[in-house]
Trainee: 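My questions will all concern the structure given below.
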Amino acid sequence: MEPNKQSDWVARSLRSVWHPCTQMQHHETVPLIPVSHGRGAWLYDLEGKRYLDAISSWWVNLFGHANPRINAALKEQLDLLEHAMLAGFTHEPVIRLSEQLAALTGDVLGHCFYASDGASAVEIALKMSFHSWRNRGQAEKQEFVCLKGSYHGETIGALAVTDVALFKDAYGPLLRASQTVMSPDARQAVDGETAQDVARRAAADVERLFTERGDKIAAIIIEPLVQCATGMAMHDPLYLTLVRELCDRHQVHLILDEIAVGCGRTGTFFACEQAGIWPDFLCLSKGISGGYLPLSLVMTRDDIYQAFYSADVTRGFLHSHSYTGNPLACRAALATLQIFQEDHVLEHNRVRAARLTQALAPLADHERVRNFRQRGMIWAFDAIDAPADFSRRFFATALEHELLMRPIGPTVYMMPPYILSDEEIDGLAANTLAVFNQVLAG
Ligand SMILES: *Cc1c(COP(=O)(O)O)cnc(C)c1O
């Protein structure tokens, strides 16, 4: 892109590019930013203005833009092998990545199946659960259970286990029905309840449903610890421990969608580690490639894998994508895992998190803020009496303060990359407070 032509590029984009999750008409008032380049936590537009990427570009970027180590790995991979089909062929990046991820689960989830985006990983987990039951002679297990406020992607199958009205209602007639149980969202605590009490109540709702029709249910799908897209609804790890027990007792698969919360986002590499459990299927995407390339995968147990192992083609898992296991994407993921290890990222994030939480104290105590919450590298709070267009106004005002932030309804959240300096942390907190006050002042 040439410099000084920002308005030109905006006009051309609005004519020819249909932007995601966007009412295009809103761009008559909401700014569209043409990005020229990125460095670290910052994105730069064509006029040289910069924006701190406080939401990791939709939760994917872990170690900053144009990260030198991921760049170097990709440049090397580019001259070796850009892509080869993964049926009948294999390659070093996909083998190493599968081995390293399996090792992170103590080899409990020892088999990795690949795709390109998060929604596809969810589709795979749903199909694999159903098909494995059928291969085991339990073809009647066909139903899926999701949580209130769940988000698992926007393809038809994933949308069927998503409970965000905006995304779901419009396409309702196209979707297969699923069962919805209570969310363990700790904000529902009443009468002196703790987060654990809410978790127990939510688990009791799962038990009720499993007792009633567990023989028809293939799997329950959960975003562990934080239901992100519904507005960063956080719950106690106890919920996951209890649901794991119920799944074992009633022979229902547990699918954990760690697409947003995996890769260290909640403080541990996998969110479910904090509950001391492993699922039957674990979905990863978003951060796994460091935010570089589309990559997703489903990890599963050996007994599931064995349910498909046969001489019969129709007992095999019938699913593929053209770019399954793309070597460049896998290589970016390997570089990402290497940074976790070399830089002791989880440890350093605890220090970063403590500093940002402290810097956000004026917002936590703000009279127009409720439910200030944090887990790992996720912060969120809800605006009291937020105007209807709060989210859009916040986004536009944040840009004026060098911030990229997109509230979800009245919920302001931060999901920054794991590289913020002390100065960037303090600036993020101070600017967020300024933006919040400015938006509420109208
Ligand atoms: C983003 C997300 C998805 C969908 O991933 P896409 O790559 O956008 O298809 C699924 N589940 C969760 C929890 C997500 O946050």
Side-chain angles (χ1 to χ4, degrees), residues 18-22 55-62 113-129 144-164 166-168 171 175 178 180 183-185 219-235 239-240 254-266 270-272 279 281-299 319 321-326 329 332-333 336 375-378 380 406-409 411 413-415:
W18 198 337
H19 292 268
C21 204
T22 298
I55 56 171
S56 301
S57 283
W58 261 352
W59 323 342
V60 300
N61 187 292
L62 301 190
F113 194 99
Y114 288 85
S116 318
D117 53 67
S120 299
V122 169
E123 304 277 343
I124 288 163
L126 298 175
K127 281 174 69 178
M128 220 181 238
S129 169
F144 297 107
V145 181
C146 63
L147 271 51
K148 262 210 137 351
S150 58
Y151 179 92
H152 299 290
E154 294 169 52
T155 55
I156 302 277
L159 201 52
V161 289
T162 286
D163 184 49
V164 175
L166 177 65
F167 300 131
K168 188 162 189 174
Y171 308 103
L175 307 178
S178 58
T180 309
S183 161
D185 181 354
I220 180 171
I221 181 164
I222 297 172
E223 297 158 82
L225 299 188
V226 188
Q227 293 181 276
C228 296
T230 196
M232 305 299 157
M234 302 189 182
H235 60 256
Y239 177 71
L240 304 171
L254 175 60
I255 302 171
L256 290 185
D257 176 349
E258 298 225 4
I259 289 166
V261 296
C263 302
R265 188 48 76 180
T266 66
F270 297 110
C272 62
F281 302 93
L282 191 150
C283 304
L284 275 187
S285 187
K286 291 207 164 98
I288 186 62
S289 71
Y292 266 69
L293 288 159
L295 178 69
S296 68
L297 57 106
V298 178
M299 303 174 71
H319 193 100
H321 294 284
S322 312
Y323 284 98
T324 296
N326 174 260
T336 300
R375 186 172 288 273
M377 292 294 281
I378 306 176
R406 280 173 57 115
I408 301 170
T411 299
Y413 75 91
M414 291 158 208
M415 255 207 218

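In each ligand, atom 1 is the first atom listed, and ligand 1 is the first ligand listed. Index from 1, following the sequence. What you are looking at is a predicted structure, and each value in this text was computed from that prediction instead of being measured.
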Trainee: When you measure from atom 4 (C) of ligand 1 to every protein heavy atom, which one gives the shortest distance, and what is it?
Mentor: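 Looking at atom 4 (C) of ligand 1, the protein heavy atom closest to it is A119 N, 3.6 Å.
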
Trainee: What atoms of ligand 1 come within less than 4.0 Å of a heavy atom belonging to G118?
Mentor: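 Heavy-atom distances to G118 below 4.0 Å select 4 (C), 5 (O), 6 (P), 7 (O), 9 (O).
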
Trainee: Using a 4.0 Å cut-off to any heavy atom of I259, which atoms of ligand 1 qualify?
Mentor: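 Those qualifying, in numeric order: 2 (C), 3 (C), 10 (C), 11 (N), 12 (C), 14 (C).
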
Trainee: Is it true that a side-chain atom of T336 and a backbone atom of A332 form a donor plus acceptor pair closer than 3.5 Å?
Mentor: yes

Trainee: In sequence, state the C-alpha distance, the side-chain angles, and the governing distance for Y323 and L293, and then conclude on side-chain contact (heavy atoms from CB on, under 4.5 Å).
Mentor: CA-CA 11 Å; Y323 284 98; L293 288 159; over 6 Å; no

Trainee: Output yes when a protein non-hydrogen atom is found under 4.0 Å of atom 8 (O) of ligand 1, and no otherwise.
Mentor: no

Trainee: Just by modelled atom types, is the T162 backbone N or O under 3.5 Å from a matching donor or acceptor in the E154 side chain?
Mentor: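 No, because the side chain of E154 does not come within donor-acceptor range (under 3.5 Å) of the backbone of T162.
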
Trainee: Can you check which of L295, V161, D257 brings a heavy atom nearest to atom 13 (C) of ligand 1?
Mentor: D257

Trainee: Which atoms of ligand 1 sit under 4.0 Å from any heavy atom of K286?
Mentor: 1 (C), 2 (C), 3 (C), 14 (C), 15 (O)

Trainee: Report yes or no: does S289 contribute a side-chain atom to a donor-acceptor pair with the main-chain N or O of P294 at less than 3.5 Å?
Mentor: no

Trainee: Just which atoms of ligand 1 are under 4.0 Å from any heavy atom in G153?
Mentor: 4 (C), 10 (C)

Trainee: Is a side-chain donor or acceptor of K168 paired with a backbone partner of A160 at a separation under 3.5 angstrom?
Mentor: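 Yes: the side chain of K168 pairs with the backbone of A160.
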
Trainee: With I156, which residues qualify under side-chain contact (heavy atoms from CB on, under 4.5 Å), at least two apart?
Mentor: L174, L175

Trainee: Below 4.0 angstrom from a heavy atom of W59, which ligand 1 atoms are there? Numbered from 1 as shown, please.
Mentor: 15 (O)

Trainee: Using a 4.0 Å heavy-atom threshold (strictly under), name the region of Y151 that reaches ligand 1: side chain, backbone, both or neither.
Mentor: both

Trainee: Identify, by atom number and element, the atoms of ligand 1 in contact range of A260, meaning under 4.0 Å from any of its heavy atoms.
Mentor: 15 (O)

Trainee: Do the side chain of S285 and the main chain of L295 share a donor and acceptor less than 3.5 angstrom apart?
Mentor: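 At least one qualifying donor-acceptor pair exists.
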
